[in-house]
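Structure first, then comments.
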Amino acid sequence: MKRCFIPLVVVLLIAGTSCKKDRQANQPPITPPAEQKWVVTTVAGNGLAYFKDGPVSMAEFKFPQDVAVTPDGIIYVADGLNHRIRKIAGGQVSTFAGYERADTISGIGAAAGFAIPIRVVPDISGNLYTLDVDDFRVRKINSAGLVTVAAGSGTRGFADGRAETAKFGESLGIVTDNEGNIYVSDWENKRIRKISVAGEVSTIAGPMQFGPGEMTIDQQGNLYVVDGLNFIIRKITPGGEVSIFAGSGIPGDKDGNAQEAQFSINMRDIVADEQGNLYLADDNRIRKITPQGNVSTIAGSGFGYRDGDGPSAKFSSPNGLGIDRQGNIYVADENNNRIRKISFQ
Amino acid sequence: MPLVVLLLTAGTSCKKDNQGYQSPAQPPAEKKWVVTTIAGDGTPSFTNGPALSATFHFPEDVAVAADGTIYVTDVVNRVIRKIKAGQVSTFAGGGFDIINGNGTSASFKNPYSVTIDANGNLYTSDENDPRIRKISSGADVTTYAGLATEGYADGDADTARFFSGNSIVADAQGNVYLSDASIRKISVSGQVTTIAGTTQFGSPGGIAIDKNGNLYVVDRGNYRIRKITPEGDVSTVAGNGTPGDKDGNADEAQFSIDTHDIVVDDQGNLYLADNNRIRKITPQGIVSTIAGSTAGFADGIGAQAKFNFPNGLGIDAQGNIYVADLNNHRIRKISFE
């Protein structure tokens, strides 16, 4: 995401100088460019918890859990209680995979089933990977809507090895790297699991003190994991070194540097932009953490529904986040049954 | 037949005849399940012509007519393809909607399950529409049953309601059975009834019918294969109730959570597409894996062959099994030879 702004001070000086120079005529002062800020809008959903495809403002979701944006800019939604993955493109919402009943079957589009899809993430090739509450597998959806199993035998448990026979417990986070490897926060087994491109499942971190939550990755391959019971964000390097990246360990809402900042008791999804800034859904607010660990609040002011300036906007249990290549953040605003967008403009 | 027994038999013949040197009878070569590709070059596309260079785009299901003609539901291309005399052509379909008519003037949304009766009529379900369509051997496409709105209602076929994307099977007469939330029947006389209810099955999937009118249903939610007699009695053929890949006796064997279509041969053996493998279940409920292992593409014998999401199955009069190998965009054939 580009950030181009001219500090206000410099501009005023220029305006002042011009005025002095042209004393002979009445010259209007040069208007400083509007300061960029975070703006929240609604992408799709009319707010009612039902199921409807069609134009974005009329479409309906039912407790959307997560949102992902593929490299082509198409938005996908893990529409939890509608048991489907929805697609938003060209101002229209459609069903990409799944049908009206809770199911776990593989297939194309409406021939596939989901129980309660809670996570959806893209890879660099435009595939999606999903986590589903009643299904202890990682599933893959290709750009044609074919749903297959990426890893997991289906039996709940813990086993590394070949993807087809590996076992996972209840998992809360998933992300892919630039080579196509998949990382899973296996909350129940308190481990970070990796599914390699070659189809081998291994454990790269853990067992940890508490189960790892949602997770994202930066361009260098460092993982950032929500440790919601410690109110911190952990960093795991490609070499497997685990450290605390941000958070004082005391719950709250204080912004500040990595050691001082506080996160709430309700830390949810996390995404990263190409510069390594992290964005965290944190109890009706969206927090930003810079690569240096400085934490600020970019949007959200309490439970509710309001578009507009970041600080005045409202969300209701923003559960899942997605991000596009321009650094726009998308929010599965669960209790508003809408998909929201936060842009720096 | 075990080698030992044959040699003894040969030995006995020799003693009985005692006329001279008799060469021992050769044991017949053990038969194996051989997997070949009969159509599709693997590229997801839409090309007609010679079968092995033709292309499909996610073939979901396959049905075989008495004369050996093969029909395929080609879901992304939204058409019914036909394979005959080594050539692939488009049998019906061409737009994106539910439009009746002849051949390519008719239209489907996403044709899903296909089955055939003894007169060569095809019946199809659609992933995005609840109606069951009928396609005559002359390619006339009509609506066989169901309203355009999803739901659950028995009665006259015209006003009955189903959900979309059901597995279906036709008996010789043209009665059609559906795995909907419950097991439904569309009779040739135009009446829809429920023959087994939701409490007896957990997520019914693939469905087959034998020549005696027994239905076989993949009970996906309970990881079992169930049988329904013409009188409506439901029993379990095989499956221990937990997901897995174990072969063995009826009450030991396991099926995965990714089971798809099922077909039955004239001896009552069942064949099931199960998580990249084809399983066989004998009438006694003994389960074995006859072909496939992990996802991939390879022709060959038994476990050396590979499928990539075998979805729909068909069977011909000789008991050869046909596989809509979904993610390989090919039609495969499995023969016992």
Side-chain angles (χ1 to χ4, degrees), chain A residues 51-53 82-84 87 94-115 127 132 134-157 159 161-168 195 197-201, chain B residues 44 57-61 73-77 109-113 125-130 150-151 163-167 180-181 198 202-206 218 220-221 223 242-245 254-261 273 275-277 293-296 308-312 324 326-327 329:
Chain A
F51 170 71
K52 195 193 295 181
D53 280 336
N82 275 327
H83 319 296
R84 294 166 170 93
K87 173 178 175 177
S94 59
T95 296
F96 188 53
Y99 67 111
E100 72 275 349
R101 283 171 277 169
D103 201 343
T104 53
I105 194 170
S106 300
I108 301 176
F114 294 85
N127 300 303
D132 191 343
D134 277 346
D135 182 11
F136 304 97
R137 304 174 298 176
V138 176
R139 296 215 285 165
K140 171 182 177 179
I141 318 175
N142 72 12
S143 54
L146 173 65
V147 181
T148 52
V149 180
S153 70
T155 311
R156 184 178 195 164
R162 290 295 312 161
E164 302 85 44
T165 49
K167 293 185 194 173
F168 297 84
I195 307 159
V197 176
E200 287 290 322
V201 177
Chain B
H57 199 156
F58 289 132
E60 293 256 36
D61 198 9
T73 44
D74 190 346
V75 74
V76 173
N77 290 326
K109 284 190 175 174
N110 294 105
Y112 184 58
S113 182
S125 66
D126 198 298
E127 277 188 41
N128 276 308
D129 192 89
E150 282 177 323
F163 285 100
S164 301
N166 291 316
S167 292
D180 201 338
T198 49
S203 226
V218 181
R220 296 180 29 247
Y223 317 108
T242 66
D245 60 9
Q254 293 174 316
F255 303 100
S256 82
I257 68 178
D258 239 332
T259 47
H260 295 271
D261 204 7
N275 191 25
N276 299 312
R277 295 174 178 84
S293 59
T294 54
N308 194 345
F309 201 154
N311 192 36
L326 190 71
N327 212 10
H329 310 287

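A, B, ... follow the sequence lines: proteins, then strands. Residue 1 opens every chain. Because only heavy atoms are used, hydrogens play no part in the values below, and waters and symmetry mates are left out as well, while side chains stay in.
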Inset, instruction - To the nearest 0.5 angstrom, please state how far the CD1 atom of A/Ile108 sits from the CG atom of B/Leu326. - result: 4.5 Å
Legend entry - Taking every non-hydrogen atom, the tightest pair across A/Ala110 and B/Glu127: N-OE1, 3.0 Å
Legend entry - Where B/Thr259 and A/Ile105 come nearest, the two heavy atoms and their spacing: O-CD1, 4.0 Å
Legend entry - Sequence-distant partners of A/Tyr99, side-chain hydrogen bond (donor to acceptor under 3.5 Å, both in side chains), two or more places apart: A/Asp103
Legend entry - Contact summary for A/Thr104 and B/Arg220, nearest pair of heavy atoms: N-NH2, 4.3 Å
Inset, instruction - Give the intermediate values and the outcome of side-chain contact (heavy atoms from CB on, under 4.5 Å) for residues A/Glu164 and B/Asp245. - result: CA-CA 11 Å; A/Glu164 302 85 44; B/Asp245 60 9; over 6 Å; no
Inset, instruction - Determine the minimum heavy-atom distance between B/Glu60 and A/Ala111, stating which atoms define it. - result: OE2-CB, 4.2 Å
Inset, instruction - Evaluate the criterion side-chain contact (heavy atoms from CB on, under 4.5 Å) for residue pair B/Ile257 and A/Val149; output intermediate values, then yes/no. - result: CA-CA 11 Å; B/Ile257 68 178; A/Val149 180; over 6 Å; no
Inset, instruction - Determine the minimum heavy-atom distance between B/Phe58 and A/Leu146, stating which atoms define it. - result: CE2-CD2, 3.4 Å
Legend entry - B/Asn308 CG to A/Thr148 OG1 distance, which is reported to the nearest 0.5 Å: 7.5 Å
Inset, instruction - For residues A/Ser106 and B/Asp258, report the shortest heavy-atom separation together with the two atoms involved. - result: OG-OD2, 2.7 Å
Legend entry - Proximal component of B/Asn311, with respect to chain A [non-hydrogen, under 4.5 Å]: neither
Inset, instruction - With a 4.5 angstrom heavy-atom cut-off, could you sort out which part of B/Ala295 is near chain A: side chain, backbone, both or neither? - result: neither
